[in-house]
S.K.: 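One structure is given below, represented as structure tokens, and several questions about it will come after.
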Amino acid sequence: MSKKTMKVAVTGAAGQIDYSLLFRLGSGEVFGPDTAVELQLIEIEPALPALEGVVMELDDCAFPLLQKISITADPNEGFKDVNWAILVGAAPRKDGMERGDLIKVNGGIFVGQGKALTKAASDVRILVVGNPCNTNCLIAMNNAKEISRDRWFAMTALDANRAKSQLAQKSGAPSHQITNVTIWGNHSATQYPDFYNAKIGGKPATEVITDLNWLQNDFLSTVQKRGAAVIKARGASSAASAANGAIDSIRNLSQATPAGDWFSVAVPSDGSYGIPEGIVYGYPVRSDGSKYEIVQGIELNEFAHEKMKATLAELESERDTVKDML
Ligand code: NAX
């Protein structure tokens with residue numbers, strides 16, 4: 001018999017990210033061999049028949065730790081009593097739609113989901129993946145004031161993994177030796193992947209990769225624009241790697257962070273590093289398994305300050321676009 005059960009709600013369950021994410025959650029790899037998993041899958045009504053097919057495939061894996069699967073189009077039902085809510089579902093950008101229009105369309109979804117999340121378990125943690133994820137998280141959080149702010153997260157782990165992989169390939173070091181990577185700010189092309197504070201095999205990345213021009217230009221723009229490059233090559237946006245980022249985020253937040261390292265996730269600012277309170281901003285974070293802290297005292301040079309200001313300006317303008325939803 002399993003010792004405990006983790007109830008996990010996932011939205012956008014018939015979509016492409018979840019086609020990878022649900023199977024990894026069901027396998028039990030995230031919460032470990034002593035924890036059973038119950039999946040509460042949420043989709044819009046027209047996608048429920050397709051979701052039934054995904055559930056058939058989950059059944060057909062006969063995962064020993066996957067105890068129960070339910071599907072619904074009602075977020076009040078889907079979020080009931082969950083310990084984790086992973087908000088992936090969002091409307092895609094349509095032809096001729098401006099970024100601001102998309103933010104408003106998706107914002108409406110996150111107002112409703114924020115309200116419904118108050119039905120979750122008292123220890124709920126929420127990870128927002130659906131874009132624009134920082135601002136969607138801000139909206140949901142502001143519509144669920146009963147849930148404390150330290151339970152809200154938006155995903156920058158995929159960006160951090162992209163940064164690790166670029167640094168590993170350039171230096172020839174294996175990716176597990178790339179540590180202390182931070183994605184500051186927004187999950188968008190304005191993000192600042194911080195190579196100045198990253199380490200390779202315990203040494204500053206800038207000592208191992210001495211080509212500062214490559215770091216400041218090629219590295220930065222490759223990570224910032226990686227999502228678009230994947231769409232161009234694959235004809236579809238990142239899916240398996242995005243699901244992997246969500247798995248990493250949940251694991252990073254559920255386990256003690258190794259000594260000396262940190263991980264990347266966007267959280268509501270407490271004012272750290274001069275970011276206005278409440279803005280959901282990518283930070284370096286450490287966890288003890290249940291509580292997290294923003295790592296303090298990281299040295300930031302003029303280059304970093306400029307990049308951090310630019311990504312903050314974008315987040316502030318997104319916040320202004322949705323101010324009537326907050
Ligand atoms: P898909 O279009 O394949 O799937 C989205 C699913 O969400 C669809 O099945 C749709 O029916 C469902 N959905 C729409 N509104 C819903 C609602 N109100 N409640 C429940 N479900 C709803 O997109 P997919 O490729 O899976 O991407 C999902 C989201 O992740 C997108 O917003 C995408 O931009 C975002 N991403 C975020 C990333 C990150 O690092 N934070 C990276 C990957 C990805 O781009």
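Just so you know, ligand 1 is whichever comes first in the structure, and atom 1 is the first atom listed for that ligand.
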S.K.: For atom 28 (C) of ligand 1, what is the closest protein heavy atom, and at what distance to 0.1 Å?
M.R.: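 For this ligand atom, the closest protein heavy atom is Val88 O, 3.3 Å.
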S.K.: For the pair Tyr273 (side chain) and Gly297 (backbone), establish whether a donor and an acceptor sit closer than 3.5 Å, ignoring hydrogens and angles.
M.R.: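 Checked: pair present.
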S.K.: Would you mind running through ligand 1 and noting each atom that sits below 4.0 Å from a heavy atom of Ile42?
M.R.: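 Counting atoms of ligand 1 from 1, those under 4.0 Å from Ile42 are 20 (C), 21 (N).
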S.K.: What is the nearest protein non-hydrogen atom to atom 4 (O) of ligand 1, stated with its residue, atom name and distance?
M.R.: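 That would be Gly15 CA, 3.2 Å.
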S.K.: Please evaluate residues Phe31 and Lys4 with respect to the criterion side-chain contact (heavy atoms from CB on, under 4.5 Å), reporting the C-alpha separation (whole Å), side-chain torsions for both, the decisive distance (0.1 Å), and the verdict.
M.R.: CA-CA 10 Å; Phe31 302 109; Lys4 41 183 179 163; over 6 Å; no
S.K.: Below 4.0 angstrom from a heavy atom of Ala242, which ligand 1 atoms are there? Numbered from 1 as shown, please.
M.R.: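 In order of number, 42 (C), 43 (C).
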S.K.: Could you check atom 31 (C) of ligand 1 against the protein and tell me its nearest heavy-atom contact, residue, atom and distance included?
M.R.: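 Of the protein heavy atoms, Asn131 N, 4.0 Å lies nearest.
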S.K.: Compute the shortest N/O to N/O distance between Thr11 and ligand 1 and return yes if it is under 3.5 Å, no if not.
M.R.: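 No, no N or O pair falls under 3.5 Å.
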S.K.: State the atoms of ligand 1, each with its element, that fall below the 4.0 Å cut-off from a heavy-atom position in Gly89.
M.R.: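 Those atoms are 7 (O), 13 (N), 22 (C).
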S.K.: Taking only heavy atoms of Ala14, which atoms of ligand 1 are found under 4.0 Å from at least one of them?
M.R.: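 Listed by number with element, the hits are 9 (O).
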S.K.: Please confirm whether Ser238 comes within less than 3.5 Å of ligand 1 when only nitrogen or oxygen atoms on both sides are compared.
M.R.: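 It does not: no N or O of Ser238 is found under 3.5 Å from an N or O of ligand 1.
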S.K.: Could you name the option among Gly12, Ala246, Ser20 that has the heavy atom nearest to atom 6 (C) of ligand 1?
M.R.: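 Minimum heavy-atom distance to atom 6 (C) of ligand 1 goes to Gly12.
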S.K.: May I ask whether Ala239 places a heavy atom under 4.0 Å from ligand 1?
M.R.: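 Not so, Ala239 does not reach ligand 1.
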S.K.: Under 6.0 Å from the ring centre and within 45 degrees of the ring axis: does the NZ or CZ of Lys170 meet both conditions for the six-membered ring of Trp214?
M.R.: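 Judged by the rule, Lys170 and Trp214 form a cation-pi pair.
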S.K.: At less than 4.0 angstrom from any non-hydrogen atom of Cys133, what atoms of ligand 1 do you find?
M.R.: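 Near Cys133, the atoms of ligand 1 are 41 (N).
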S.K.: Which option, Arg226, His187, Arg162, Gln113, owns the non-hydrogen atom nearest atom 39 (C) of ligand 1?
M.R.: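 Answer by nearest heavy atom: His187.
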S.K.: How close does the nearest protein non-hydrogen atom get to atom 9 (O) of ligand 1, and which residue and atom is it?
M.R.: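 Answer for atom 9 (O) of ligand 1: Glu43 OE2, 2.5 Å.
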S.K.: With a 4.0 Å cut-off on heavy atoms, does Gly245 reach ligand 1?
M.R.: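 False for this residue.
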S.K.: Is there a side-chain contact between Thr311 and Lys307 in this structure, where contact means two heavy atoms from C-beta onward sitting under 4.5 Å apart?
M.R.: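 The answer is no, as the side chains (C-beta and beyond) never meet within the 4.5 Å cut-off.
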S.K.: Determine, considering heavy atoms only, which of Leu41, Leu21, Val54, Ile44 sits nearest to atom 17 (C) of ligand 1.
M.R.: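 Of the listed residues, Ile44 has the closest heavy atom.
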S.K.: What is the nearest protein non-hydrogen atom to atom 3 (O) of ligand 1, stated with its residue, atom name and distance?
M.R.: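 That would be Gln16 N, 2.9 Å.
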S.K.: Short list, please: which atoms of ligand 1 are under 4.0 Å from a heavy atom of Ser237?
M.R.: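 So the atoms of ligand 1 that pass are 25 (O).
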S.K.: Under the side-chain contact (heavy atoms from CB on, under 4.5 Å) criterion, do Ser269 and Tyr283 qualify, and how do the steps go?
M.R.: CA-CA 9 Å; Ser269 173; Tyr283 276 115; 3.0 Å; yes
S.K.: If the contact criterion is a heavy-atom separation under 4.0 Å, does Gly227 count as touching ligand 1?
M.R.: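 No; Gly227 lies far enough from ligand 1 that no heavy-atom distance drops under 4.0 Å.
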S.K.: Where do Gln216 and Tyr196 land on the side-chain contact (heavy atoms from CB on, under 4.5 Å) test, with the steps shown first?
M.R.: CA-CA 10 Å; Gln216 288 187 336; Tyr196 279 109; 2.9 Å; yes
S.K.: So is Asp159 polar-close to ligand 1, meaning N/O to N/O under 3.5 Å?
M.R.: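 N/O-N/O distance below 3.5 Å does not exist for this pair.
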S.K.: Can you confirm whether Gln296 is buried at CD, in the sense that more than 12 heavy atoms of other residues, nucleotides or ligands lie under 6.0 Å from that atom?
M.R.: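 Count over threshold, so yes.
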S.K.: Identify which of Asn136, Val129, Ile17, Leu158 has a heavy atom lying nearest to atom 37 (C) of ligand 1.
M.R.: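 The option holding the nearest heavy atom is Val129.
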S.K.: According to side chain to side chain contact (heavy atoms under 4.5 Å, CB included), who are the partners of Lys309, at least two apart in sequence or on a separate chain?
M.R.: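 Once residues adjacent in sequence are excluded, Lys309 has no partner under the side chain to side chain contact (heavy atoms under 4.5 Å, CB included) criterion.
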S.K.: Between Asp288 and Lys291, is the closest basic N to carboxylate O distance under 4.0 Å?
M.R.: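 Asp288 and Lys291: not salt-bridged.
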S.K.: Could you list the atoms of ligand 1 found under 4.0 angstrom from a heavy atom of Ile109?
M.R.: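 Answer, ordered by atom number: 15 (N), 18 (N).
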S.K.: Below 3.5 Å, can you tabulate the donor-acceptor pairs from side chains in residues 136-147 to any protein atom, sequence neighbours excluded?
M.R.:
unit_1	atom_1	unit_2	atom_2	d
Asn136	ND2	Gly130	O	2.9
Asn136	ND2	Asn131	O	3.1
Asn136	ND2	Pro132	O	3.4
Asn142	ND2	Leu138	O	2.7
Asn143	ND2	Ile139	O	2.8
Asn143	ND2	Met325	O	2.9
Lys145	NZ	Asn142	O	3.3

S.K.: Between Phe153 and Tyr292, is the ring centroid distance below 6.0 Å?
M.R.: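 Between Phe153 and Tyr292, the centre distance is under 6.0 Å.
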S.K.: Strictly below 4.0 Å, N to O, side chains only: are Asp101 and Lys104 in salt-bridge contact?
M.R.: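 Salt bridge: no.
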S.K.: When you check the gap from the basic side-chain N to the acidic O, do Glu77 and Lys119 get nearer than 4.0 Å?
M.R.: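 Not counted as a salt bridge, because no side-chain N and carboxylate O are separated by less than 4.0 Å.
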